[in-house]
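Letters go in sequence order (proteins before strands), and every chain restarts at 1.
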Amino acid sequence: MNHFKKVMFVVVSFVLATGFPLMNALGQNSDRNAYFGETHIHTSWSLDAFAIGNTVTNPGDAYKYFKGEPIKHPLGYDIKIDTPLDWAGVTDHSEYAGVVQMANEPGSAVGKIPEAEPLILKARTKEEMERVALYAINTLASGPPVKALMAPEIADSIWKKNIELAEQANEPGKFTAFCSYEWTSMPNNMNLHRNIFFKGCAKVPAMPFSALDSKDPVELWNWMDGQRKAGNELLAISHNANLSDGRMFPTEVDTTGRPIDAAYAASRVRNEPLIEIKQLKGTSETHPLLSPNDEFASFEIMSVLLGNPPGRIPHIVGSYARQALKDGLALEDTEGFNPYKFGFGAASDAHNSATPYRQDNFFGGHSFTDGTIEARMSGTLVGGMFDARIEGTAGLTGVWAEENTRDSIFEAMQRKETFAVSGPHIKVRFFGGWEYASQILESQDWVKVAYAGGVPMGGDLPAVAGLPKTPTFIVWAVKDPTSGNLDRIQIVKGWTKSGQSFEKIFDVVWAGERKPDKWTGVVPPVGSTVDIENATYTNTIGAVELKTVWTDPEFDPSLHAFYYARVLEIPTPRWTTIQAAKLGVAPPDVVSATIQERAWGSPIWYTPSAEARKTAELGPTVAELMAKGAVALNDDQLKSLVVEKSVWLQNTVTGDKYMIIYGALGKGPDATPLTPSDPGYITQRFPENQGQFQVRYVGKNVALQSLTGDAVGASAFGTSRTYNINNGKIVTELVGTPLEITVYKVGDRYLGARSNEFGYVNYEIVPAESELSPLAAAPSEKPRG
Amino acid sequence: MRNLGADVKRWLREPLLHFLLLGAVLFGVYELTQAGQTGPVSSKEIRLTLNELTQMALLFRSQWQREPTPVELNRLVENRVEEEILYREALAMGLDKDDEIVKRRMAQKMQFLAEDVAAAREPTTAELKNWYERNSSKFAQPNRVSFRHLYFSPDRRGNHARDDAAKALARLTGQPEDSQIADSLADPFMFQAYYRDRAPEFLGKEFGPQFAQAVEKLAPGSWQGPIESGYGWHLVFVDTVIPGRVPVFEEVEPDVKTAWLGEQKARAWQKTYEEMRAKYTVLLPAPPEAINAPRRAQ
């Protein structure tokens, strides 16, 4: 017995010392493993894929591709994945076919429907087959569709085949295949698509809810609630917010005009835990105009409308995730509900039953339109909509789950313990808590301690009473062993105050000996080993693994906030550079030659307690002002207040002061001609009531509230934007989305409310400043080092 | 003398024959039906039967778990009517002619029809076993290895990682797998220090393909390396290799059936199509420099 104990001790010590993760008898890992999966792919069974020439491969082939076997591209050549996946859901649309097979299944519901009777083989004879074939040809190929054959049990025989193939491809513990499909709502070319995933395949409905039933996401969510009540667990993942013309993340009304309210928010959060943040057709994280201080915001941007309707410019506001997360916080703070509390995934939306995930294996996603190097590199307009060269690789959805099974992976998606990658299998962990020790990463079992002492990505920081101290975050990332080294990990923070919302990006850990800027904390670029001419790079810079513990130096316990990790690789050649080198031509001038692949971890949210929130100094609301007898200025009053004046303003939330020059309003073509020496000579030719305004004195370190565009650039370079005065508002716009300012007179003060700030009045006209940045203390007291 | 009747009977049961016949039938029927097809296109009357309305309600109920309200049913009817009207108007205008999408869709339907008939037959176990014997290599499982490894990180050692690994190997020669000094020579690895019974595909994902391929070739029982992975350099001690094997039929029977069925469908479709194709003559224009009449394609 003693000897046995000794042996066990040695064995257990050895196991623990070598960091062997503790698994229970079922092979589950309580520390959770990262599993990479594809959540959005089309095969020849999607009518649009079929229409563009993928008539060859089906969901079975897609699963073969994901598991590592080569399959055929629609153009006939072999395609093979670089790194096999752990899980996937094929998301075709449902259509009817396979009627004969269905009718002839013994005991099938189809066989019992009277209209299917002619399709049933009474005997396996030549005559019977002829008869059935004749009827099938007459009904299917020639006459109008027999509606009885589109009954629920039949109309989705493609759907049923889909399920069959998913069941066949599903190997618990090795590869998980989900039953899934796409709901393709696209009212007026506004992309509102969602992919629907069922937790299991046993109770999948005979007919999934399609966009032919309704294009309204609220109706989809209602149907999903019904499914859940019937014991069929499911979730939705929206994608291509960047192509939604601003309708994916509304803050006032949805696409049917219904107000965004608590019920909408609850339904959305209940049914849509994730968004697909990157795919072939661009990235939806953020946009340079929405995040002017994010030097990595221009990653794989595509802003188009599906179907390329003439004469329409896609809207940016409402089309990006980071702004939606911020608006969600603002809605939570001002109205008590948050519809935009989602985690991140990524996928392809390829229509070839397969997709490239890596720059050096890019074969397009849309059959022949981008299926040859010539078609791609000659800038073919795919579907008439976008330049093939701007198309990117597919991303992937990573989940942290105990094991590779449907239940485990689905639950990870539901609790948002997921991360998106731009293609390479970068792994990232992110935890937030109140009690993490700063040396936690020094122990081998830090993951266990992290789970026990806080929440992983996708979670909410545990509620604390009163005013909490600063939360601590742990972030860890490891590169894809076949891709570039890592440059840095950033934490993107968003917060809200008084109806405004803000963001700031912190560089928290990075490769090499770089020193962050002493005052801003920004870490210099990692450099580049890319040889553009030969389209090569080397891993002589960057790191294999990065990890750190970080606390928010600007934490304000009274304000709602979110934090998410973004991991960047070193620069590597983009596929356009690689294929340009192959062709011996210059890399295209419409995209960047190099790319920094990345991962985005789902956010962790902080919600202040009621007590903490009370300490926030908020501006007055419009309602409060009106109750105090404030009067909104009319057009004439606004014009005499600001037009042809340089107005000093203060953002009362941040305290920042700046100046806006409101130029002269046009007088239209019939105005009295002036001479060139008249100041109004040029501007008066603008249409009536249209002028230009210019922002000045906004420095780079100012915490810019949302939707102010590039105020820093405008200040530095003297650029201007248009404005007009109508209906008692000063109206400007950001890529076609109007922003309106209403001015209130309170006593002898002029206060302004901006239409995107949820009813708060956050601006005041102030006396002119003479010193833009007064020094704080006497020179001898300046801080050193 | 052989029993011709029995042979013929067996031949008549041959599935491929059925497919050939079906192909001929489909083609023949298609020709017939193309001739005088008028259909109800000219009729301005849309008649919905009680059965069709019941089907609509059934469909609604299967999606919403409840009956439609009168307003909802009305909307369903109107949608159905609208679809029928547009369909007839489109046919009357000949919109189905020369429409690439319609052509492809109908071609796909033909393919589905052929595949459906192919799928309607259940194979016998003997057939599957037979097929498996000829195709068992497709189901072969790879070798699985168990090993301990030491990691030399470029993050900590920069360009010296490989040299450090080589120096460590010199000190470990002759040492057992659980040698106590091993850890002190190397760096902590972010995943596992010991892997049990792993196939190359897993190791490829975990370390990168080159490491997986190298480890596959290692002889067990000693420290070996330095071996490069996507993360840096390693020394590896393989202690067990479980050789790959071909499973017995009973272990993989469901997968065999799936694979067999897939092959049947593909062959059936190919044969059917070849039959149809043989009946057509394809004429292609000659290249510009040729002065002859258009050639016949093979």
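- Residue contact with chain A, scored on non-hydrogen atoms closer than 4.5 Å, involves the backbone and the side chain of B:Glu206 alike.
- Nearest heavy atoms, B:Gly230 versus A:Lys479: O-NZ, 3.3 Å.
- Contact of A:Leu85 with chain B is made through the backbone alone, with heavy-atom distances under 4.5 Å.
- The cationic atom of A:Lys427 (NZ for Lys, CZ for Arg) lies less than 6.0 Å from the six-membered ring centre of B:Phe191 and within 45° of the ring axis.
- Separation of atoms CD (A:Gln168) and CG (B:Leu261) is listed at 8.0 Å; rounding is to 0.5 Å.
- Between chain B and the options A:Asn539, A:Asn485, A:Leu546, A:Asp86, the largest number of non-hydrogen pairs under 4.5 Å is found for A:Asp86.
- Only the backbone of B:Phe207 comes within less than 4.5 Å of a heavy atom in chain A; its side chain stays farther off.
- Minimum interatomic distance between A:Val544 and B:Asp155 (heavy atoms only, all atoms of both residues): N-OD1, 2.8 Å.
- Using a 4.5 Å cut-off between heavy atoms, A:Glu219 touches chain B through backbone and side chain atoms alike.
- Atom CZ in B:Phe189 sits 9.0 Å away from atom CD in A:Glu545 (nearest 0.5 Å).
- The most heavy-atom pairs under 4.5 Å with chain A, out of B:Lys205, B:Met56, B:Glu201, come from B:Lys205.
- Within a 6.0 Å radius of NZ in A:Lys67, other residues, nucleotides and ligands contribute more than 12 heavy atoms.
- Across all their heavy atoms, B:Pro209 and A:Thr482 have their closest contact at CD-CG2, 3.4 Å.
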